[in-house]
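The chains referred to below are lettered A, B, ... by the order of the sequence lines, with proteins before strands, and numbering in each begins at 1.
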There are 2 protein chains.
Amino acid sequence: MAALDVAPAARRGRPGYDQNSMLEVIVEVFVDRGYDASSLDTIAKRLGLSKSAVYHHFTSKAEMLEIALERVLGELERVFDDAEALDLPAVERIRRIISEAVLVACARQQYLVLLLRLHGNSDVELNAMARRRELTARLSRIFEAARAEGGARDDIDPALAARLTFGLVNSLVEWYRPDGPDEPAALADTVLAFVRSGMLAADGRGPR
Amino acid sequence: MAALDVAPAARRGRPGYDQNSMLEVIVEVFVDRGYDASSLDTIAKRLGLSKSAVYHHFTSKAEMLEIALERVLGELERVFDDAEALDLPAVERIRRIISEAVLVACARQQYLVLLLRLHGNSDVELNAMARRRELTARLSRIFEAARAEGGARDDIDPALAARLTFGLVNSLVEWYRPDGPDEPAALADTVLAFVRSGMLAADGRGPR
DNA sequence: GTCTATATTAGGATAGAC
DNA sequence: GTCTATCCTAATATAGAC
(Lines give C-alpha, C1' and ligand atoms only; values in the text may rest on other atoms or scores of the structure.)
Protein backbone atom coordinates (compact mmCIF):
# COMPACT_ATOMS: atom_id res chain seq x y z
CA MET A 1 0.00 0.00 0.00
CA ALA A 2 2.05 2.90 -1.12
CA ALA A 3 1.34 6.55 -1.17
CA LEU A 4 -0.30 7.23 2.13
CA ASP A 5 2.34 9.84 2.62
CA VAL A 6 1.20 13.33 3.25
CA ALA A 7 1.69 15.79 0.47
CA PRO A 8 4.98 17.64 0.57
CA ALA A 9 4.85 20.71 2.68
CA ALA A 10 4.66 24.13 1.15
CA ARG A 11 7.95 25.36 -0.17
CA ARG A 12 9.35 27.62 2.47
CA GLY A 13 7.79 31.11 2.24
CA ARG A 14 4.22 31.97 1.40
CA PRO A 15 4.89 32.34 -2.29
CA GLY A 16 5.21 29.31 -4.47
CA TYR A 17 2.23 27.36 -3.28
CA ASP A 18 1.39 24.55 -5.63
CA GLN A 19 -2.10 23.11 -5.84
CA ASN A 20 -1.25 20.23 -3.54
CA SER A 21 0.14 22.22 -0.68
CA MET A 22 -2.66 24.75 -0.97
CA LEU A 23 -5.20 21.98 -0.82
CA GLU A 24 -3.94 20.83 2.56
CA VAL A 25 -4.68 24.25 4.01
CA ILE A 26 -7.98 24.59 2.19
CA VAL A 27 -9.23 21.23 3.40
CA GLU A 28 -8.30 22.28 6.90
CA VAL A 29 -10.55 25.31 6.57
CA PHE A 30 -13.35 23.24 5.05
CA VAL A 31 -13.20 20.81 7.95
CA ASP A 32 -12.95 23.53 10.59
CA ARG A 33 -15.99 25.47 9.49
CA GLY A 34 -17.77 23.22 7.05
CA TYR A 35 -17.57 23.60 3.30
CA ASP A 36 -20.51 25.95 3.00
CA ALA A 37 -19.44 28.16 5.86
CA SER A 38 -15.93 28.48 4.44
CA SER A 39 -15.60 31.71 2.53
CA LEU A 40 -12.92 32.29 -0.04
CA ASP A 41 -11.95 35.25 2.03
CA THR A 42 -11.19 33.01 4.99
CA ILE A 43 -9.36 30.55 2.79
CA ALA A 44 -7.27 33.29 1.22
CA LYS A 45 -6.39 34.73 4.61
CA ARG A 46 -5.40 31.33 5.97
CA LEU A 47 -3.14 30.89 2.96
CA GLY A 48 -1.74 34.36 3.34
CA LEU A 49 -2.91 35.25 -0.16
CA SER A 50 -5.57 37.38 -1.76
CA LYS A 51 -8.71 35.82 -3.16
CA SER A 52 -7.51 36.44 -6.70
CA ALA A 53 -4.27 34.61 -6.06
CA VAL A 54 -6.26 31.63 -4.90
CA TYR A 55 -8.28 31.73 -8.08
CA HIS A 56 -5.08 31.44 -10.00
CA HIS A 57 -4.76 27.87 -8.67
CA PHE A 58 -8.40 26.79 -8.58
CA THR A 59 -11.15 27.80 -10.93
CA SER A 60 -13.79 27.68 -8.20
CA LYS A 61 -14.57 26.66 -4.66
CA ALA A 62 -16.31 23.59 -6.04
CA GLU A 63 -13.13 22.51 -7.78
CA MET A 64 -11.25 22.59 -4.49
CA LEU A 65 -13.83 20.25 -3.05
CA GLU A 66 -13.78 18.00 -6.07
CA ILE A 67 -10.02 17.48 -6.02
CA ALA A 68 -10.02 16.88 -2.28
CA LEU A 69 -12.79 14.29 -2.56
CA GLU A 70 -11.04 12.56 -5.42
CA ARG A 71 -8.03 12.06 -3.23
CA VAL A 72 -9.78 10.14 -0.47
CA LEU A 73 -12.22 8.30 -2.73
CA GLY A 74 -9.38 7.13 -4.95
CA GLU A 75 -7.51 5.71 -1.99
CA LEU A 76 -10.52 3.93 -0.58
CA GLU A 77 -11.36 2.45 -3.95
CA ARG A 78 -7.82 1.18 -4.23
CA VAL A 79 -8.15 -0.51 -0.83
CA PHE A 80 -11.08 -2.46 -2.19
CA ASP A 81 -9.37 -3.18 -5.51
CA ASP A 82 -6.38 -4.62 -3.71
CA ALA A 83 -8.42 -6.75 -1.33
CA GLU A 84 -10.70 -8.06 -4.03
CA ALA A 85 -7.75 -9.00 -6.23
CA LEU A 86 -6.49 -11.41 -3.59
CA ASP A 87 -7.64 -15.00 -3.49
CA LEU A 88 -8.58 -15.13 0.16
CA PRO A 89 -11.56 -16.13 2.28
CA ALA A 90 -14.08 -13.31 2.39
CA VAL A 91 -13.63 -12.82 6.10
CA GLU A 92 -9.94 -12.25 5.54
CA ARG A 93 -10.69 -9.73 2.80
CA ILE A 94 -12.98 -7.95 5.24
CA ARG A 95 -10.22 -7.79 7.80
CA ARG A 96 -7.81 -6.31 5.30
CA ILE A 97 -10.31 -3.77 4.10
CA ILE A 98 -11.14 -2.66 7.61
CA SER A 99 -7.51 -2.43 8.56
CA GLU A 100 -6.52 -0.48 5.46
CA ALA A 101 -9.58 1.73 5.69
CA VAL A 102 -8.63 2.69 9.23
CA LEU A 103 -5.19 3.64 8.01
CA VAL A 104 -6.67 5.76 5.25
CA ALA A 105 -9.07 7.33 7.74
CA CYS A 106 -6.11 8.36 9.87
CA ALA A 107 -3.78 9.43 7.06
CA ARG A 108 -6.47 11.31 5.14
CA GLN A 109 -8.64 12.21 8.07
CA GLN A 110 -9.61 15.65 6.95
CA TYR A 111 -10.36 14.58 3.42
CA LEU A 112 -12.57 11.82 4.77
CA VAL A 113 -14.47 14.21 7.00
CA LEU A 114 -15.21 16.23 3.90
CA LEU A 115 -16.62 13.17 2.17
CA LEU A 116 -18.72 12.14 5.15
CA ARG A 117 -20.33 15.56 5.55
CA LEU A 118 -21.59 16.02 2.02
CA HIS A 119 -25.19 16.99 1.46
CA GLY A 120 -25.62 16.63 -2.28
CA ASN A 121 -25.88 20.37 -2.87
CA SER A 122 -24.05 20.19 -6.19
CA ASP A 123 -23.05 17.75 -8.90
CA VAL A 124 -19.62 17.42 -7.36
CA GLU A 125 -21.19 16.37 -4.07
CA LEU A 126 -23.74 14.04 -5.66
CA ASN A 127 -21.05 12.31 -7.68
CA ALA A 128 -18.85 11.73 -4.65
CA MET A 129 -21.80 10.45 -2.64
CA ALA A 130 -22.55 7.91 -5.34
CA ARG A 131 -18.98 6.66 -5.26
CA ARG A 132 -19.20 6.40 -1.48
CA ARG A 133 -22.37 4.35 -1.72
CA GLU A 134 -20.67 2.02 -4.17
CA LEU A 135 -17.94 1.33 -1.62
CA THR A 136 -20.55 0.36 0.94
CA ALA A 137 -22.18 -1.89 -1.62
CA ARG A 138 -18.86 -3.59 -2.29
CA LEU A 139 -18.34 -4.24 1.40
CA SER A 140 -21.87 -5.54 1.65
CA ARG A 141 -21.18 -8.10 -1.10
CA ILE A 142 -18.09 -9.33 0.69
CA PHE A 143 -20.03 -9.70 3.94
CA GLU A 144 -22.52 -11.74 1.95
CA ALA A 145 -19.75 -13.98 0.69
CA ALA A 146 -18.34 -14.27 4.19
CA ARG A 147 -21.70 -15.39 5.46
CA ALA A 148 -21.96 -18.00 2.71
CA GLU A 149 -18.53 -19.25 3.71
CA GLY A 150 -19.52 -19.36 7.36
CA GLY A 151 -17.17 -16.53 8.29
CA ALA A 152 -19.71 -13.93 9.38
CA ARG A 153 -22.60 -14.22 11.74
CA ASP A 154 -25.79 -15.10 9.94
CA ASP A 155 -28.15 -13.15 12.17
CA ILE A 156 -27.08 -9.77 10.80
CA ASP A 157 -27.98 -8.69 7.31
CA PRO A 158 -24.85 -8.19 5.15
CA ALA A 159 -25.92 -4.73 4.07
CA LEU A 160 -26.50 -3.74 7.68
CA ALA A 161 -23.18 -5.27 8.68
CA ALA A 162 -21.43 -3.24 6.00
CA ARG A 163 -23.08 0.00 7.08
CA LEU A 164 -22.35 -0.54 10.76
CA THR A 165 -18.76 -1.51 10.02
CA PHE A 166 -18.18 1.59 7.93
CA GLY A 167 -19.97 3.60 10.57
CA LEU A 168 -17.46 2.38 13.08
CA VAL A 169 -14.45 3.10 10.89
CA ASN A 170 -15.74 6.47 9.78
CA SER A 171 -16.40 7.53 13.34
CA LEU A 172 -12.65 7.61 13.88
CA VAL A 173 -12.36 10.91 12.09
CA GLU A 174 -14.52 12.50 14.76
CA TRP A 175 -11.81 12.33 17.37
CA TYR A 176 -8.60 10.93 15.90
CA ARG A 177 -5.70 13.38 16.03
CA PRO A 178 -2.43 12.62 14.22
CA ASP A 179 -0.46 14.05 17.13
CA GLY A 180 -2.56 12.27 19.73
CA PRO A 181 -1.75 9.09 21.67
CA ASP A 182 -3.40 6.65 19.25
CA GLU A 183 -1.26 5.00 16.59
CA PRO A 184 -3.13 4.21 13.37
CA ALA A 185 -1.93 0.60 13.31
CA ALA A 186 -3.02 0.06 16.90
CA LEU A 187 -6.36 1.68 16.16
CA ALA A 188 -6.82 -0.66 13.23
CA ASP A 189 -6.27 -3.59 15.58
CA THR A 190 -8.78 -2.23 18.07
CA VAL A 191 -11.41 -1.73 15.41
CA LEU A 192 -10.73 -5.24 14.11
CA ALA A 193 -11.12 -6.62 17.62
CA PHE A 194 -14.41 -4.78 17.98
CA VAL A 195 -15.71 -6.11 14.67
CA ARG A 196 -14.49 -9.58 15.46
CA SER A 197 -15.72 -10.02 18.98
CA GLY A 198 -17.37 -6.92 20.31
CA MET A 199 -16.67 -4.60 23.16
CA LEU A 200 -17.91 -6.49 26.18
CA ALA A 201 -16.19 -9.27 28.05
CA ALA A 202 -16.88 -12.92 27.42
CA ASP A 203 -19.78 -14.17 29.45
CA GLY A 204 -18.74 -17.79 29.31
CA ARG A 205 -21.11 -18.68 26.52
CA GLY A 206 -18.90 -17.94 23.57
CA PRO A 207 -18.93 -15.05 21.14
CA ARG A 208 -22.63 -15.18 20.45
CA MET B 1 -57.50 45.53 -13.46
CA ALA B 2 -56.87 45.39 -9.78
CA ALA B 3 -56.92 41.93 -8.46
CA LEU B 4 -59.45 42.60 -5.83
CA ASP B 5 -59.98 39.64 -3.72
CA VAL B 6 -56.81 37.68 -4.00
CA ALA B 7 -56.76 37.65 -0.26
CA PRO B 8 -56.35 33.98 0.45
CA ALA B 9 -58.07 32.62 3.49
CA ALA B 10 -54.50 31.91 4.56
CA ARG B 11 -55.24 28.23 4.33
CA ARG B 12 -52.18 26.97 2.55
CA GLY B 13 -52.84 23.49 3.75
CA ARG B 14 -51.04 24.24 6.96
CA PRO B 15 -52.55 27.15 8.76
CA GLY B 16 -51.55 27.95 12.26
CA TYR B 17 -48.05 26.66 12.39
CA ASP B 18 -46.76 26.64 15.88
CA GLN B 19 -43.06 26.66 16.64
CA ASN B 20 -42.99 22.91 17.07
CA SER B 21 -44.51 21.96 13.78
CA MET B 22 -42.44 24.56 11.97
CA LEU B 23 -39.32 23.16 13.54
CA GLU B 24 -39.94 19.74 12.03
CA VAL B 25 -39.90 21.26 8.55
CA ILE B 26 -36.96 23.51 9.29
CA VAL B 27 -34.84 20.67 10.63
CA GLU B 28 -35.66 18.75 7.48
CA VAL B 29 -34.22 21.57 5.41
CA PHE B 30 -31.17 21.87 7.66
CA VAL B 31 -30.48 18.16 7.27
CA ASP B 32 -31.09 18.13 3.53
CA ARG B 33 -28.70 20.92 2.67
CA GLY B 34 -26.70 21.48 5.81
CA TYR B 35 -27.34 24.29 8.26
CA ASP B 36 -25.06 26.79 6.57
CA ALA B 37 -26.34 26.09 3.09
CA SER B 38 -29.96 26.46 4.21
CA SER B 39 -31.23 29.91 3.39
CA LEU B 40 -34.23 31.44 5.07
CA ASP B 41 -35.66 31.77 1.62
CA THR B 42 -35.57 28.02 1.14
CA ILE B 43 -36.99 27.47 4.59
CA ALA B 44 -39.80 29.92 4.01
CA LYS B 45 -40.67 28.35 0.68
CA ARG B 46 -40.69 24.87 2.17
CA LEU B 47 -43.05 26.13 4.84
CA GLY B 48 -45.21 27.89 2.30
CA LEU B 49 -44.61 31.20 4.06
CA SER B 50 -42.69 34.38 3.45
CA LYS B 51 -39.42 35.02 5.19
CA SER B 52 -41.02 37.65 7.40
CA ALA B 53 -43.66 35.24 8.56
CA VAL B 54 -40.94 32.85 9.62
CA TYR B 55 -39.28 35.61 11.59
CA HIS B 56 -42.47 36.02 13.48
CA HIS B 57 -41.85 32.59 15.05
CA PHE B 58 -38.09 32.59 15.39
CA THR B 59 -35.87 35.54 16.08
CA SER B 60 -33.01 34.15 13.98
CA LYS B 61 -31.69 31.18 12.10
CA ALA B 62 -29.43 30.45 15.04
CA GLU B 63 -32.43 30.20 17.34
CA MET B 64 -33.96 27.53 15.14
CA LEU B 65 -30.78 25.52 15.47
CA GLU B 66 -30.58 26.08 19.20
CA ILE B 67 -34.10 24.82 19.87
CA ALA B 68 -33.60 21.81 17.62
CA LEU B 69 -30.34 20.87 19.34
CA GLU B 70 -31.91 21.25 22.77
CA ARG B 71 -34.49 18.69 21.81
CA VAL B 72 -32.09 15.88 21.00
CA LEU B 73 -29.52 16.74 23.66
CA GLY B 74 -32.21 16.81 26.31
CA GLU B 75 -33.39 13.35 25.35
CA LEU B 76 -29.91 11.85 25.28
CA GLU B 77 -29.10 13.38 28.65
CA ARG B 78 -32.26 11.84 30.03
CA VAL B 79 -31.21 8.41 28.74
CA PHE B 80 -28.05 8.71 30.79
CA ASP B 81 -29.84 10.11 33.84
CA ASP B 82 -32.23 7.16 33.82
CA ALA B 83 -29.52 4.55 33.38
CA GLU B 84 -27.28 6.06 36.01
CA ALA B 85 -30.12 6.23 38.51
CA LEU B 86 -30.53 2.45 38.42
CA ASP B 87 -28.57 0.21 40.70
CA LEU B 88 -27.29 -2.19 38.08
CA PRO B 89 -23.98 -3.64 36.95
CA ALA B 90 -22.18 -1.20 34.70
CA VAL B 91 -22.37 -3.52 31.72
CA GLU B 92 -26.13 -3.59 32.09
CA ARG B 93 -26.25 0.20 32.26
CA ILE B 94 -24.22 0.27 29.07
CA ARG B 95 -26.69 -2.04 27.38
CA ARG B 96 -29.60 0.15 28.37
CA ILE B 97 -27.89 3.31 27.25
CA ILE B 98 -27.01 1.83 23.88
CA SER B 99 -30.47 0.49 23.39
CA GLU B 100 -32.18 3.73 24.37
CA ALA B 101 -29.71 5.82 22.39
CA VAL B 102 -30.52 3.80 19.28
CA LEU B 103 -34.20 4.48 19.84
CA VAL B 104 -33.51 8.19 20.23
CA ALA B 105 -31.33 8.12 17.12
CA CYS B 106 -34.24 6.66 15.17
CA ALA B 107 -36.99 8.78 16.67
CA ARG B 108 -35.04 12.04 16.49
CA GLN B 109 -32.86 11.12 13.56
CA GLN B 110 -32.83 14.49 11.89
CA TYR B 111 -32.20 16.37 15.10
CA LEU B 112 -29.28 14.06 15.83
CA VAL B 113 -27.78 14.61 12.39
CA LEU B 114 -27.83 18.30 13.14
CA LEU B 115 -25.92 17.72 16.36
CA LEU B 116 -23.38 15.45 14.73
CA ARG B 117 -22.56 17.88 11.93
CA LEU B 118 -21.79 20.93 14.02
CA HIS B 119 -18.58 22.81 13.41
CA GLY B 120 -18.46 25.23 16.30
CA ASN B 121 -19.11 28.27 14.12
CA SER B 122 -21.16 30.03 16.79
CA ASP B 123 -21.81 29.99 20.52
CA VAL B 124 -24.91 27.91 19.96
CA GLU B 125 -22.83 25.29 18.19
CA LEU B 126 -19.99 25.37 20.68
CA ASN B 127 -22.36 24.96 23.58
CA ALA B 128 -24.07 21.96 22.02
CA MET B 129 -20.73 20.38 21.18
CA ALA B 130 -19.66 20.68 24.80
CA ARG B 131 -22.83 18.94 25.95
CA ARG B 132 -22.19 16.20 23.42
CA ARG B 133 -18.67 15.70 24.69
CA GLU B 134 -19.99 15.40 28.22
CA LEU B 135 -22.24 12.53 27.13
CA THR B 136 -19.24 10.69 25.70
CA ALA B 137 -17.38 11.29 28.94
CA ARG B 138 -20.27 9.82 30.91
CA LEU B 139 -20.27 6.70 28.75
CA SER B 140 -16.52 6.46 29.14
CA ARG B 141 -16.86 6.45 32.92
CA ILE B 142 -19.40 3.64 32.79
CA PHE B 143 -17.12 1.60 30.54
CA GLU B 144 -14.43 2.16 33.13
CA ALA B 145 -16.71 0.84 35.85
CA ALA B 146 -17.68 -2.11 33.66
CA ARG B 147 -14.06 -2.98 33.20
CA ALA B 148 -13.45 -2.81 36.94
CA GLU B 149 -16.39 -5.15 37.42
CA GLY B 150 -15.03 -7.51 34.78
CA GLY B 151 -17.89 -6.77 32.38
CA ALA B 152 -15.94 -5.13 29.56
CA ARG B 153 -12.83 -6.30 27.80
CA ASP B 154 -9.72 -4.91 29.41
CA ASP B 155 -7.68 -4.58 26.24
CA ILE B 156 -9.62 -1.56 24.99
CA ASP B 157 -9.33 1.81 26.67
CA PRO B 158 -12.69 2.91 28.16
CA ALA B 159 -12.56 6.28 26.46
CA LEU B 160 -11.89 4.59 23.13
CA ALA B 161 -14.65 2.08 23.78
CA ALA B 162 -17.07 4.92 24.46
CA ARG B 163 -16.13 6.78 21.30
CA LEU B 164 -16.36 3.71 19.11
CA THR B 165 -19.68 2.73 20.64
CA PHE B 166 -21.15 6.16 20.08
CA GLY B 167 -19.64 6.13 16.61
CA LEU B 168 -21.54 2.98 15.88
CA VAL B 169 -24.83 4.29 17.25
CA ASN B 170 -24.47 7.67 15.60
CA SER B 171 -23.74 6.09 12.25
CA LEU B 172 -27.34 4.90 12.17
CA VAL B 173 -28.56 8.33 11.21
CA GLU B 174 -26.58 8.09 7.99
CA TRP B 175 -28.92 5.53 6.49
CA TYR B 176 -31.84 4.84 8.81
CA ARG B 177 -35.19 5.75 7.31
CA PRO B 178 -38.36 5.72 9.43
CA ASP B 179 -40.33 4.24 6.56
CA GLY B 180 -37.64 1.70 5.71
CA PRO B 181 -37.49 -2.00 6.59
CA ASP B 182 -35.56 -1.60 9.85
CA GLU B 183 -37.50 -1.41 13.10
CA PRO B 184 -35.81 0.71 15.79
CA ALA B 185 -36.13 -2.01 18.42
CA ALA B 186 -34.61 -4.61 16.11
CA LEU B 187 -31.82 -2.19 15.21
CA ALA B 188 -31.12 -1.69 18.89
CA ASP B 189 -30.76 -5.44 19.27
CA THR B 190 -28.40 -5.65 16.30
CA VAL B 191 -26.22 -2.86 17.63
CA LEU B 192 -26.19 -4.52 21.04
CA ALA B 193 -25.17 -7.80 19.43
CA PHE B 194 -22.36 -6.00 17.60
CA VAL B 195 -21.11 -4.34 20.76
CA ARG B 196 -21.41 -7.55 22.72
CA SER B 197 -19.79 -10.01 20.39
CA GLY B 198 -18.79 -8.44 17.13
CA MET B 199 -19.72 -8.95 13.56
CA LEU B 200 -17.79 -12.04 12.56
CA ALA B 201 -18.63 -15.64 13.30
CA ALA B 202 -17.14 -17.59 16.14
CA ASP B 203 -13.83 -19.13 15.21
CA GLY B 204 -13.93 -21.77 17.92
CA ARG B 205 -11.58 -19.85 20.17
CA GLY B 206 -14.08 -17.82 22.08
CA PRO B 207 -14.96 -14.15 21.87
CA ARG B 208 -11.44 -12.85 22.20
C1' DG C 1 -49.70 36.45 11.42
C1' DT C 2 -48.79 37.21 7.15
C1' DC C 3 -47.46 39.98 3.33
C1' DT C 4 -44.27 43.13 0.03
C1' DA C 5 -40.43 45.84 -0.14
C1' DT C 6 -36.00 46.95 1.25
C1' DA C 7 -31.73 47.79 4.04
C1' DT C 8 -27.34 45.90 4.59
C1' DT C 9 -23.67 42.82 4.37
C1' DA C 10 -21.17 38.98 2.77
C1' DG C 11 -19.88 35.81 -0.70
C1' DG C 12 -18.14 33.96 -5.20
C1' DA C 13 -15.93 35.38 -9.00
C1' DT C 14 -13.52 38.63 -12.56
C1' DA C 15 -10.58 42.61 -14.59
C1' DG C 16 -6.48 44.37 -15.21
C1' DA C 17 -2.18 46.35 -13.20
C1' DC C 18 2.49 44.97 -11.75
C1' DG D 1 1.62 34.72 -9.33
C1' DT D 2 0.10 38.06 -6.80
C1' DC D 3 -2.22 42.31 -5.96
C1' DT D 4 -6.31 46.00 -5.57
C1' DA D 5 -10.66 47.14 -6.97
C1' DT D 6 -15.03 45.81 -8.36
C1' DC D 7 -19.23 43.31 -10.11
C1' DC D 8 -23.18 40.85 -9.02
C1' DT D 9 -25.85 37.87 -6.54
C1' DA D 10 -27.74 35.98 -2.56
C1' DA D 11 -28.21 36.01 2.30
C1' DT D 12 -29.93 37.63 6.98
C1' DA D 13 -32.81 40.59 8.88
C1' DT D 14 -36.18 44.66 9.37
C1' DA D 15 -40.08 48.12 8.30
C1' DG D 16 -44.50 48.83 7.89
C1' DA D 17 -48.99 47.83 5.51
C1' DC D 18 -53.10 44.84 5.88
Side-chain angles (χ1 to χ4, degrees), chain A residues 8-27 29-30 32-68 114 118-119 121-125, chain B residues 1-27 29-30 32-68 114 119 121-125:
Chain A
R11 322 157 194 270
R12 39 233 106 204
R14 277 128 241 165
Y17 274 122
D18 61 3
Q19 221 195 36
N20 250 4
S21 52
M22 291 184 79
L23 201 60
E24 289 284 320
V25 180
I26 291 168
V27 168
V29 177
F30 283 171
D32 263 20
R33 316 166 66 112
Y35 172 75
D36 292 298
S38 298
S39 71
L40 284 171
D41 211 51
T42 303
I43 291 169
K45 280 199 180 92
R46 191 85 75 97
L47 284 164
L49 296 176
S50 68
K51 283 195 284 184
S52 312
V54 176
Y55 271 103
H56 180 77
H57 297 270
F58 298 89
T59 69
S60 68
K61 191 178 159 186
E63 196 197 42
M64 301 172 192
L65 182 64
E66 186 170 25
I67 296 173
L114 229 48
L118 296 179
H119 288 281
N121 289 336
S122 66
D123 284 346
V124 167
E125 298 193 18
Chain B
M1 275 306 179
L4 269 240
D5 251 346
V6 194
R11 300 294 172 269
R12 296 258 200 281
R14 31 202 109 180
Y17 273 122
D18 59 3
Q19 223 195 32
N20 250 5
S21 51
M22 291 183 81
L23 201 61
E24 289 283 320
V25 180
I26 291 168
V27 167
V29 177
F30 283 171
D32 263 20
R33 315 165 68 113
Y35 171 75
D36 292 297
S38 297
S39 71
L40 284 171
D41 209 51
T42 303
I43 291 169
K45 280 201 179 91
R46 191 84 75 96
L47 284 164
L49 297 176
S50 69
K51 284 192 283 183
S52 311
V54 177
Y55 271 104
H56 181 77
H57 297 270
F58 298 90
T59 68
S60 69
K61 192 177 157 186
E63 195 198 42
M64 301 173 192
L65 181 65
E66 186 169 26
I67 296 173
L114 229 49
H119 288 281
N121 289 335
S122 66
D123 284 346
V124 167
E125 298 193 19

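- With A/Tyr17 contributing its side chain and A/His57 its backbone, the two residues share no donor-acceptor pair below 3.5 Å.
- The NZ-C1' distance, from A/Lys61 to C/dG11, rounds to 8 Å in whole Å.
- When rounded to the nearest whole Å, the span between CG of A/Asp36 and C1' of D/dT12 equals 16 Å.
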Per-nucleotide protein contact string for nucleotides 3-8 of chain D (B base, S sugar-phosphate only, - none; heavy atom under 4.0 Å): BBB---

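- If you measure from atom NZ of A/Lys45 to atom C1' of C/dG11, you get 12 Å, rounded to the nearest angstrom.
- The salt bridge (charged side-chain N to carboxylate O under 4.0 Å, His left out) search around B/Lys45 returns B/Asp41, not counting sequence neighbours.
- In this structure, B/Tyr55 places its OH atom 18 Å from P of C/dT6, rounding to the nearest Å.
- In this structure, A/Asp36 contributes its side chain and B/Asp36 its backbone to no donor-acceptor pair below 3.5 Å.
- The distance from the CD atom of A/Gln19 to the CE atom of A/Met22 is 8.5 Å, given to the nearest 0.5 Å.
- For the pair B/Asp41 CG and C/dT4 C1', the computed distance is 13 Å after rounding to whole Å.
- The CZ-P distance, from A/Phe30 to C/dG11, rounds to 13 Å in whole Å.
- Residue B/Ser38 is classed as a sugar-phosphate contact, given heavy-atom separations below 4.0 Å to backbone atoms only.
- Atom CD1 in A/Ile26 sits about 12 Å away from atom P in C/dG12, given to the nearest Å.
- One finds no side-chain N or O of A/His56 lying less than 4.0 angstrom from the OP1 or OP2 phosphate oxygen of C/dT14.
- A donor-acceptor pair under 3.5 Å is absent between the side-chain atoms of B/Glu66 and the main chain of B/Val124, judged by distance alone.
- At whole-Å resolution of the value, CD1 in B/Ile43 and P in D/dA13 are 10 Å apart.
- In this structure, A/Lys61 is positioned above the aromatic face of A/Tyr35, its NZ or CZ under 6.0 Å from the six-membered ring centre and within 45° of the axis.
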